[in-house]
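Notes follow the structure.
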2 protein chains.
Amino acid sequence: MGHKRGKIVTLVDVAAKVGVSRMTVSKVMRDVGNISEETRLRVKRAADELGYLPNSLAGSLSSRKSRMVGVIIPSMSDIVFSEVLSGVTAVLRPRGFHTFIGESHFDPDVEAGLIREMLSLQPAGLLLNGGTARSRDAQRLLEKRNCPAIQLWDCDNTDLDFSVGPSHAEAGHLVAMHFLARGLRRIAYVGAELEKDLCARSRYVALRLSLAAAGVELVEVTSETTPRQAATGRTLTQQLMRADPDTQAIHYLNDAMALGGLSYLHEAGIAVPGQISVVGFNGTSIPNTVRTRLTTIDMQRTAIGEMAAHALLTMLANANTERSWRATLHLVQGNTTTAV
Amino acid sequence: MGHKRGKIVTLVDVAAKVGVSRMTVSKVMRDVGNISEETRLRVKRAADELGYLPNSLAGSLSSRKSRMVGVIIPSMSDIVFSEVLSGVTAVLRPRGFHTFIGESHFDPDVEAGLIREMLSLQPAGLLLNGGTARSRDAQRLLEKRNCPAIQLWDCDNTDLDFSVGPSHAEAGHLVAMHFLARGLRRIAYVGAELEKDLCARSRYVALRLSLAAAGVELVEVTSETTPRQAATGRTLTQQLMRADPDTQAIHYLNDAMALGGLSYLHEAGIAVPGQISVVGFNGTSIPNTVRTRLTTIDMQRTAIGEMAAHALLTMLANANTERSWRATLHLVQGNTTTAV
DNA sequence: TGAGGCGATGTTATCGATAACACCATAACG
DNA sequence: CGTTATGGTGTTATCGATAACATCGCCTCA
């Protein structure tokens, strides 16, 4: 294998080498307590020479404090969530915290399993991404936890200690207002996997209700079997436009699907935003790096991750905070004049 | 806060409730040893009623075995690496292993720090992504480890116990052959952050050397200050084409940059692949979901992650394997006839 | 019938650290 | 000169589990 199976260097070895008690070594390593500068240096050097590496498992067990934070997101290959994750670790890592990740794939049972496993690792905190329905099992587990838990990506859900994210209901409403303000009335929604993703569904429902309030009916074209990606957006848009050629506006579940849709619309010679108005969701950089300018809702994904991490840190510092942080929703207008 | 700070349920509590020793409970929870069906059930039920959750930190400390695997990747917001990660967790999670993540951002010192922290968590194994230079500190740390470590994303580097990934040198050579076979002689390379990313640099160098062997000089247009993204690819391509309008072929550091390049080329009225031949790297789905068909090298990212995980599992099972798995390189040909 | 096997459970000794407190010089102080 | 801080260090008792071995009926077979 190449790696040593040999003896592990522990506090005891360092202590023996220096001729002090292991408590002294422990204090030196953690920079606590009163240690004379001289012994401090001797210990440091001995530790270095022996290649001593503290065992944080033992430390955590003893102090009943860990520096591990569990994060559960629906999927890692979706850039949206991995950017949130990136924000989280960017804040936590420099402060000595480690994140371990779980992918729920929008499955409540998987999520519950992950929560169980994570709690058994005695985390300092838990960050749970919205979108997945919280099973009863998961709720029971969470009640027993002895660490703060934060709801990510959805500030409408306030079951946990803190929520960070947008109001998806508000986002849906925002899109409705955007369309209505332009006098558009033949409006469609294109999405996928809505049965699983509660956040997306919440936006869809809000859009539908807000439109209904204005007497406008929403056409829905969705698929539960294909992924929420460009290809699906393209197919569904084609399907939609054939069934209802007079469609004036489309809201997509996310930017990727919108991009697929734009691709079809352009090919079919339908001008955007001339003939049809398109709104995506997320504000991912992909569509905008090239020549498309997609109207979308910017989700400040990294900021949400960072904010959640900060909230967690605050709760760990003073165990009294209880609030939530609502991400502001920006509808970024682009004008899609060129092909995708 | 909402979460209980109260008493923690341990083995002892369950044991007391059932009237057996804690060892018995421990065995039941882990499904080992000989336990009568009757006590097994009683223990299970008591554990459930008390809401007992095993403390895996304590378990790991005692058994000197953990089920945590540390993974270090350069960046999580780069979809390439997060897909590798996704493959890793897809294999490890169902087997009871947890992955904790570190982002090195191609910084050797950050990587060393991450390795140190991860080792102190007593991981079952370590997966280190290629690309980042391994600092001397990191090497010293790795020598002291007592768990298998696997090199990801780069099979040319065989410092660790196992390597999974492509040969970047080979990839560069492959591209050279692709161009030369087509009789192209004015060839350029467009990339970014080459000083940091050793894998990318290795491809670049191999390309240059293979071309030189055929008497062809490679034009290099790179930037160290802008990110490896579409926008940079676009800018650099523009710069390249102005300086050298007769360029016949361009190899890009990755697909995103290639996409940016294509966008410029199309706008400038330069036909691809008619006037100029373009090859990207990675085989990400982004370019292909729309209407572009980019010639690229498919990296089977998820497969690499899965393979690495399997290799790790194998090494944990029988501590004698020592090999490497070389990902096959597919050059996927597309014909970019339409605009981006 | 007594050695041995076996299924089921309990005992003891860690694992590597930390919290909390005890201890003991020496310095400061009234 | 006894009394109290205080800086520096050591002791003891966990933390929550597991490995390894011990134990103890009870059954089997030579």
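Throughout, a chain's letter reflects where its sequence line sits, starting with A, and its residues are numbered from 1. Every heavy atom of this structure was used, including side-chain atoms; hydrogens, water molecules and symmetry mates were not.
Scored by the ring-ring contact (aromatic ring centres under 6.0 Å, His included) test, A/F100 finds no partners at all (sequence neighbours excluded). With sequence neighbours excluded, the residues forming a side-chain contact (heavy atoms from CB on, under 4.5 Å) with B/A47 are B/V14, B/M29, B/Y52, listed by chain and number. Shown here are the side-chain contact (heavy atoms from CB on, under 4.5 Å) partners of A/A133, two or more places apart in sequence or in another chain: A/P108, A/L198. With sequence neighbours excluded, no residue forms a side chain to side chain donor-acceptor pair (under 3.5 Å) with B/N34. B/K17 meets the side chain to side chain donor-acceptor pair (under 3.5 Å) test with B/E49; sequence neighbours excluded. In this view, B/L61 and A/N55, A/A58, A/L61 satisfy the side-chain contact (heavy atoms from CB on, under 4.5 Å) rule, not counting sequence neighbours.
Within a heavy-atom distance below 4.0 Å of DNA chain D, the residues of residues 43-63 of chain A found are A/L61, A/S62. For DNA chain C, the neighbouring residues in residues 21-33 of chain A, judged by any heavy atom under 4.0 Å, are A/R22, A/M23, A/S26, A/R30.
Taking the charged nitrogens against the carboxylate oxygens, A/R145 and A/D161 do have a contact shorter than 4.0 Å, which makes a salt bridge.
Note that the first and last nucleotides of DNA chain C, 5' to 3', having any atom under 4.0 angstrom from a heavy atom of chain A are C/dG16 to C/dA20.
Remark on the helix from C/dT1-D/dA30 to C/dG30-D/dC1: inter-end axis angle 50°, axes from five-pair C1' superpositions, rounded to 10°.
Sorted by first and then second residue, the side-chain hydrogen bond (donor to acceptor under 3.5 Å, both in side chains) pairs with a member in residues 111-124 of chain B read A/S56-B/S120, A/R93-B/E117, A/H98-B/E117, B/E111-B/R134; sequence neighbours excluded. Residue pairs satisfying the side-chain hydrogen bond (donor to acceptor under 3.5 Å, both in side chains) criterion with at least one member in residues 57-70 of chain B, sequence neighbours excluded, are absent.
Under 3.5 Å, the side chains of A/T132 and A/S104 contain a donor-acceptor pair of N or O atoms.
Atom CG of residue B/L53 and atom CG of residue A/L141 lie 6.0 Å apart, to the nearest 0.5 angstrom.
More than 12 non-hydrogen atoms from other residues, nucleotides or ligands lie less than 6.0 angstrom from CD of A/Q139.
As judged by a 4.0 angstrom heavy-atom cut-off over every strand, A/V12 is placed among residues making no nucleic acid contact.
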